[in-house]
2 protein chains.
Amino acid sequence: MRKFKVPEVTIFRLSLYLRCLSELEEEGVEVISSAELGQRCGINPAQIRKDLAYFGEFGTRGVGYYVKDLKEDIKRIMGLDKEWEVALVGVGNLGRALLSYQGFKRHGFKISVAFDKVVDEERLSAMPEGCTLYHADKMVEVIRERKIKLAIIAVHFSEAQKVADVLVEAGIKGILNFAPVRLNVPKDVVVRHIDLGVELEMLTFFLSARIGK
Amino acid sequence: MRKFKVPEVTIFRLSLYLRCLSELEEEGVEVISSAELGQRCGINPAQIRKDLAYFGEFGTRGVGYYVKDLKEDIKRIMGLDKEWEVALVGVGNLGRALLSYQGFKRHGFKISVAFDKVVDEERLSAMPEGCTLYHADKMVEVIRERKIKLAIIAVHFSEAQKVADVLVEAGIKGILNFAPVRLNVPKDVVVRHIDLGVELEMLTFFLSARIGK
DNA sequence: CTTTTATTGTGAATGTACACACAATAAGTA
DNA sequence: TACTTATTGTGTGTACATTCACAATAAAAG
């Protein structure tokens with residue numbers, strides 16, 4: 001396990017590098033320098049090297065990085081060398097959108113169970129191959145049974161904290177939260193928060209400053 | 001207009017303060033100190049004061065901040081003292097989820113037009129009150145006509161850049177992008193990027209480091 | 001009107017992240 | 001094997017962000 005603290009932005013950028021490397025691999029590029037990679041993903045080459053240096057030495061001096069190897073290394077660093085099962089809570093509009101999002105698979109994620117207070121034909125028909133819908137009452141049981149560690153909260157904000165509590169009880173260790181609420185969880189549980197309102201508000205700030213609408 | 005550069009995190013936090021202040025107002029709290037506000041939203045009180053100091057003096061020494069006033073001030077700072085019309089491009093699963101998201105209204109946003117390559121009964125029936133669906137060909141015309149400045153891209157990644165180009169042509173100045181692609185736009189256009197894949201990958205990094213699955 | 005109290009606004013200190021510049025070094029070439 | 005070339009890995013300086021600590025000051029109390 002790592003000894004030194006790695007900045008969060010570094011992890012964020014690793015994920016960008018990974019996407020870029022996948023593209024390069026598809027294009028048939030075998031070797032790339034930090035300079036070229038930096039160009040492609042809009043990041044300073046020194047930054048890339050520093051980011052990677054937190055985890056070891058992956059390049060070859062005078063040559064660069066072998067695309068395939070670096071991709072595998074970053075995947076391993078980020079824990080993406082195996083598939084992750086994900087539990088989805090809330091099969092409303094957003095939940096269904098997430099279920100149909102094809103991008104997860106490419107990243108090695110699979111929503112294999114979904115939960116809702118209501119189990120009806122509409123929701124059942126939204127389930128893709130390999131994903132089972134359960135009543136919300138079954139959350140602890142099913143998640144424990146399947147040893148799932150990742151969950152997505154896509155319920156109304158008034159219920160988000162309650163859901164989070166149940167997920168923690170069920171053994172979930174990482175939560176992606178779409179509800180506009182700061183979740184209270186034990187510190188061994190990691191939460192990432194996607195807040196559409198905040199994102200739009202940040203846009204309007206920059207716009208007002210510029211166009212002075 | 002502001003003379004000094006304001007860090008992006010400060011804008012992010014202003015948005016948090018705003019939400020917190022709205023909650024306080026609903027609870028009937030009239031005055032709050034930076035210490036209490038900091039407690040509530042998990043931010044150092046000195047940080048809050050510094051953030052606000054970029055824009056002026058809003059508190060009363062020995063007393064604190066008047067909730068209602070500060071809320072209005074932050075709204076004004078962020079350009080949220082008027083309603084913003086938003087154009088949505090892509091009425092697939094994600095687009096429909098966004099159309100039904102009630103949170104936007106609370107923040108003063110209104111999706112008033114939507115565009116898709118396909119205009120069929122399924123999509124038309126997803127339109128809420130006050131939102132019109134147009135064929136994608138009408139983008140430039142409608143957006144210019146209505147002088148809309150904000151747009152959300154919720155199309156397949158293979159089309160995102162093309163859509164962005166059209167939006168820029170139509171006069172859009174702020175884009176919220178859900179497609180996993182770094183958009184290329186003129187520098188007077190602001191883009192915020194929501195990348196589900198990256199968010200999940202960041203989770204697995206922290207998890208792997210902890211539970212070493 | 002003066003003193004006390006509470007809390008802001010801010011200069012200075014600390015901590016963190018970024019970018020530069022170069023020594024270290026792997027591979028290719030003579 | 002020695003030399004050249006390209007590019008990494010990293011020590012160092014700089015810029016930026018956060019936190020501390022206190023002087024400034026508004027309101028309340030005497």
Side-chain angles (χ1 to χ4, degrees), chain A residues 2-17 20-21 24 29-74 77 198 202 205-206, chain B residues 2-17 20-21 24 29-74 77 198 202 205-206:
Chain A
R2 289 163 303 103
K3 282 168 287 293
F4 303 106
K5 204 172 112 274
V6 180
E8 194 166 305
V9 269
T10 289
I11 310 307
F12 172 78
R13 283 190 299 257
L14 283 183
S15 190
L16 294 188
Y17 305 154
C20 212
L21 289 165
L24 286 164
V29 179
E30 296 194 342
V31 180
I32 192 157
S33 66
S34 59
E36 283 176 277
L37 186 59
Q39 193 106 69
R40 271 184 92 114
C41 51
I43 284 164
N44 183 301
Q47 185 72 72
I48 296 180
R49 300 199 296 274
K50 265 270 157 71
D51 284 339
L52 295 173
Y54 283 108
F55 305 97
E57 305 194 358
F58 304 100
T60 307
R61 296 177 191 214
V63 178
Y65 300 91
Y66 292 95
V67 172
K68 194 165 178 306
D69 293 352
L70 184 57
K71 187 185 150 195
E72 293 310 313
D73 284 327
I74 295 182
I77 290 166
V198 170
M202 290 182 71
F205 170 80
F206 293 114
Chain B
R2 289 163 302 105
K3 281 168 287 290
F4 303 106
K5 208 173 108 274
V6 180
E8 193 167 307
V9 269
T10 289
I11 310 307
F12 172 80
R13 284 189 300 255
L14 282 183
S15 190
L16 294 188
Y17 305 156
C20 211
L21 289 165
L24 285 163
V29 178
E30 297 194 343
V31 180
I32 192 154
S33 66
S34 59
E36 283 176 276
L37 185 59
Q39 192 106 70
R40 271 183 91 114
C41 49
I43 284 164
N44 182 304
Q47 185 74 76
I48 297 179
R49 300 200 295 275
K50 265 274 156 69
D51 284 339
L52 294 173
Y54 283 108
F55 304 97
E57 305 195 0
F58 304 100
T60 306
R61 296 177 193 215
V63 177
Y65 300 90
Y66 291 95
V67 172
K68 195 165 176 307
D69 293 352
L70 185 58
K71 186 185 151 195
E72 292 310 314
D73 284 327
I74 295 182
I77 290 166
V198 170
M202 290 182 71
F205 170 80
F206 293 115

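Small disclaimer: the values here were computed from a predicted structure and weren't measured. Order of the sequence lines sets the chain letters (A, B, ...), proteins ahead of strands, with each chain counted from 1.
Applying the side chain to side chain donor-acceptor pair (under 3.5 Å) test between A:S34 and each of A:R49, A:K50, A:Q47, A:Q39 identifies A:R49 as the sole match. Just one of A:T10, A:V6, A:I11, A:I74 meets the side chain to side chain contact (heavy atoms under 4.5 Å, CB included) condition when paired with A:D51; it is A:T10.
Nearest-nucleotide positions on DNA chain C for A:G62 and A:E8 put A:E8 closer to the 5' end.
As a whole-Å value, the separation of B:E36 CD from C:dT8 P is 9 Å. Between the OH atom of A:Y65 and the P atom of C:dA27 there is a distance of 14 Å, given to the nearest Å. Atoms CD (A:Q47) and P (D:dT8) sit 14 Å apart, rounded to a whole Å. Nucleotide D:dT7 holds its P atom 20 Å from the CZ atom of A:F58, rounded to whole Å. In this structure, B:D51 places its CG atom 17 Å from P of D:dC16, rounding to the nearest Å. In this structure, the CD1 atom of A:I43 is 15 Å from the P atom of C:dA17, given to the nearest Å. Rounding to whole angstrom units, CD1 of residue A:I48 and C1' of C:dC20 are separated by 15 Å. At whole-Å resolution of the value, OH in A:Y66 and C1' in C:dA27 are 8 Å apart.
Residue B:R13 places at least one side-chain N or O under 4.0 Å from the OP1 or OP2 atom of D:dT18. B:N44 has a side-chain polar atom (N or O) that falls below the 4.0 Å cut-off from OP1 or OP2 of D:dC20.
When each of D:dT8, D:dT18, D:dC20 is scored by its nearest atom to the side-chain atoms of B:A46, the top-ranked nucleotide is D:dC20. Side-chain proximity of B:E57 to the nucleotides C:dT10, D:dA27, C:dA27 is greatest for C:dT10.
Below the 3.5 angstrom threshold, one finds no donor paired with an acceptor across the side chain of B:R61 and the base of C:dA6. Side chain B:K50 to base D:dT18: no donor-acceptor pair is found below 3.5 Å.
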(request) Please assess B:Y17 against B:L70 for the test side-chain contact (heavy atoms from CB on, under 4.5 Å), listing each intermediate value before the final yes or no. (result) CA-CA 9 Å; B:Y17 305 156; B:L70 185 58; over 6 Å; no
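Within the 4.0 angstrom heavy-atom criterion, only backbone atoms of the sugar-phosphate kind lie near B:S34; the bases stay farther away.
A heavy-atom distance below 4.5 Å is found between the side chains of A:L24 and A:L37.
Using modelled atom types, one finds no donor on one side chain facing an acceptor on the other under 3.5 Å when comparing A:D73 with A:Y65.
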